[in-house]
Amino acid sequence: MPATYRVLVAGMGKRGMHHAAAFQANPRFELAGVCDIDPARAEAAAAKFGLAAKGTDVRQVASAARPDVFCFCTMPTVRTDMIRAGIDSGARLIAMEKPVALSSREGFAVRKLLQSSGVRCVVSHQHRYGEHYQKVGELIASGALGRVHTVYGTATGWMMHMLSHLIDYMRWFNGGAEAEWVMAQAAGRGKMTDAHPSPDYIGGFIHFANGVRGIVECGAGAPDVPEVDYWWRKCRIGAQGTNGFAEVLTGGGWRAVTGDGGVQSGPGCMNYDLDMPPYVQQMADWLDDANRTHPCNFESAYRGFEIMMALCRSVVQGGQVPLPLTTEEDEIDALNRFLPSRPVILSMPANAKEYH
Ligand SMILES: NC(=O)c1ccc[n+]([C@@H]2O[C@H](COP(=O)([O-])OP(=O)(O)OC[C@H]3O[C@@H](n4cnc5c(N)ncnc54)[C@H](O)[C@@H]3O)[C@@H](O)[C@H]2O)c1
């Protein structure tokens, strides 16, 4: 195995800078190039990290950087072209940001490209590395909750930002079981024109093959998480079982009540500086050893993405939508045509800063 893996990062905004810093801090990686369509951003990142390979065209930067890892952190409108550029660059692993895509049509295309190329891919659902997330994951896996029957997730941020995270962690808390069908409702058009286009509020049910019920709510009508002050971290994700429950609050630690352990709680708060290092280390582990599959691997993220797109279809079509999806669609376009203009009703006044 090589001592270091060369990395190119494209999209030097908030998340691109986080990724570049985490790769540069890890001795298993060598940051080899940065790219942004905004030349000032590309220049600033190259200066900060001391790189010669930089530019506004990702294919040109890739031919100079010769990456083993092709990382892109662009807005969700840019996916298929980056995956193609990543595959063509000769990289062995593509590291991308969530969401996987903005429609099942693009999601299918991205998955097909990856499967036919054999290039590995990870999707950044890195909240899972938080000590509070890990603790809840360990408690559930230990059997302390008994037989898990329900997993749930809520967030006040909107769907294309937050639902991808919620579903990923709910799937983890449910042992990665496959989903069989979903059913959902949505309200509010305000965020349909956002860079992360979404209904203002979506809520739904997920039926998993192991009989576990998933319940999700995302956006303006989702319940407050009063234990957490910071608006974007008002997320509650947990599991209930025959012997207790355990849940994580993205900005407020974890808590559990189990028959054997009584009431327990502990600290933890989502923190990029703490969450990114193990996320990138596990990319090196997976590149070193094909058996050490990254927990944020594309196939797992894709299962969550399919659930999100199926929830959108249920809003438009009504009723239960079976999984896996077998036909492609543009779900956001369908929502745009379907959602009534009635404004969303907020679950708390603090949501007015985003939704009205
Ligand atoms: N995992 C997380 O916790 C988390 C948190 C925030 C955002 N995100 C996701 O990260 C992604 C980026 O978000 P951000 O907040 O960093 O955005 P940003 O706007 O700060 O950065 C995006 C950058 O991509 C550049 N860009 C756009 N098209 C490009 C192209 N073709 N080639 C090269 N550069 C290009 C833009 O100029 C910009 O600098 C989004 O998909 C978002 O959902 C994830």
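Values reported hereafter were calculated over all heavy atoms of this structure, with side chains retained and with hydrogens, waters and symmetry mates removed. When a ligand or atom number is given, it counts from 1 through the structure's own listing order.
Closest protein heavy atom to atom 43 (O) of ligand 1: His196 NE2, 2.6 Å. In terms of protein heavy-atom proximity, atom 5 (C) of ligand 1 is closest to Tyr272 OH, 3.3 Å. For atom 1 (N) of ligand 1, the nearest non-hydrogen atom of the protein is Gln126 OE1, 2.9 Å. Scanning the protein heavy atoms around atom 17 (O) of ligand 1, the nearest turns out to be Met75 CE, 3.3 Å. Atom 37 (O) of ligand 1 has Asp36 OD1, 2.6 Å as its closest protein atom, hydrogens excluded (heavy atom only). In this structure, atom 28 (N) of ligand 1 lies nearest to the protein heavy atom Ile37 CD1, 3.5 Å. Of the protein's non-hydrogen atoms, the one nearest atom 20 (O) of ligand 1 is Lys14 N, 3.0 Å. At the shortest separation from atom 32 (N) of ligand 1 among protein heavy atoms lies Met82 CE, 3.3 Å.
Of the charged side-chain nitrogens involved, at least one lies within less than 4.0 Å of a carboxylate oxygen, so that Arg111 and Glu299 count as a salt-bridged pair. Here Arg79 does not pair with Glu106 in a salt bridge; the nearest charged N to carboxylate O distance is not below 4.0 Å.
The shortest heavy-atom distance from Val58 to ligand 1 is not under 4.0 Å. Residue contacts with ligand 1: His125 is excluded, as none of its non-hydrogen atoms falls under 4.0 Å. Residue contact annotation: His165 has a non-hydrogen atom under 4.0 Å from ligand 1.
Checked by distance only, ligand 1 and Thr56 stay at 3.5 Å or farther apart across all their nitrogen or oxygen atoms. Taking any N or O of His161, backbone or side chain, none lies under 3.5 Å from an N or O belonging to ligand 1.
Of all the atoms in ligand 1, the ones that sit under 4.0 Å from a non-hydrogen atom of Arg41 are 20 (O), 21 (O), 38 (C), 39 (O). Interface atoms of ligand 1 facing His127, defined by a heavy-atom separation under 4.0 Å, are 3 (O). Ligand-side atoms of ligand 1 in range of Thr74: 11 (C), 12 (C), 24 (O), 26 (N), 27 (C), 28 (N), 29 (C), 34 (N), 35 (C), 40 (C), 41 (O), range being under 4.0 angstrom from any heavy atom. Per-residue contacts place Arg79 under 4.0 angstrom from the following atoms of ligand 1 (heavy atoms of the residue considered): 41 (O).
The heavy atom nearest to atom 22 (C) of ligand 1, considering only Ser124, Gly11, Cys73, is found in Cys73.
Val344 and Gly188 get closest at one heavy-atom pair: CB-CA, 4.0 Å.
Taking CG from Asp81 and CG from Asp88, the interatomic distance works out to 10.5 Å, rounded to the nearest 0.5 Å. With rounding to the nearest 0.5 Å, the separation of CH2 in Trp172 from NE2 in His125 is 12.5 Å. A distance of 14.5 Å separates CE of Met270 from CG of Leu249, quoted to the nearest 0.5 Å.
With 3.5 Å as the limit, one finds a donor-acceptor pair spanning the side chains of Glu217 and Tyr201. There is no side-chain donor-acceptor pair under 3.5 Å between Tyr152 and Gln240. A donor-acceptor contact closer than 3.5 angstrom is absent between the side chains of His149 and Thr242.
Residues meeting the salt bridge (Lys or Arg N to Asp or Glu O under 4.0 Å) test with Asp288, sequence neighbours left out: Arg28. Contacts of Trp254 classified as side chain to side chain donor-acceptor pair (under 3.5 Å), with partners at least two apart in sequence or in another chain: none.
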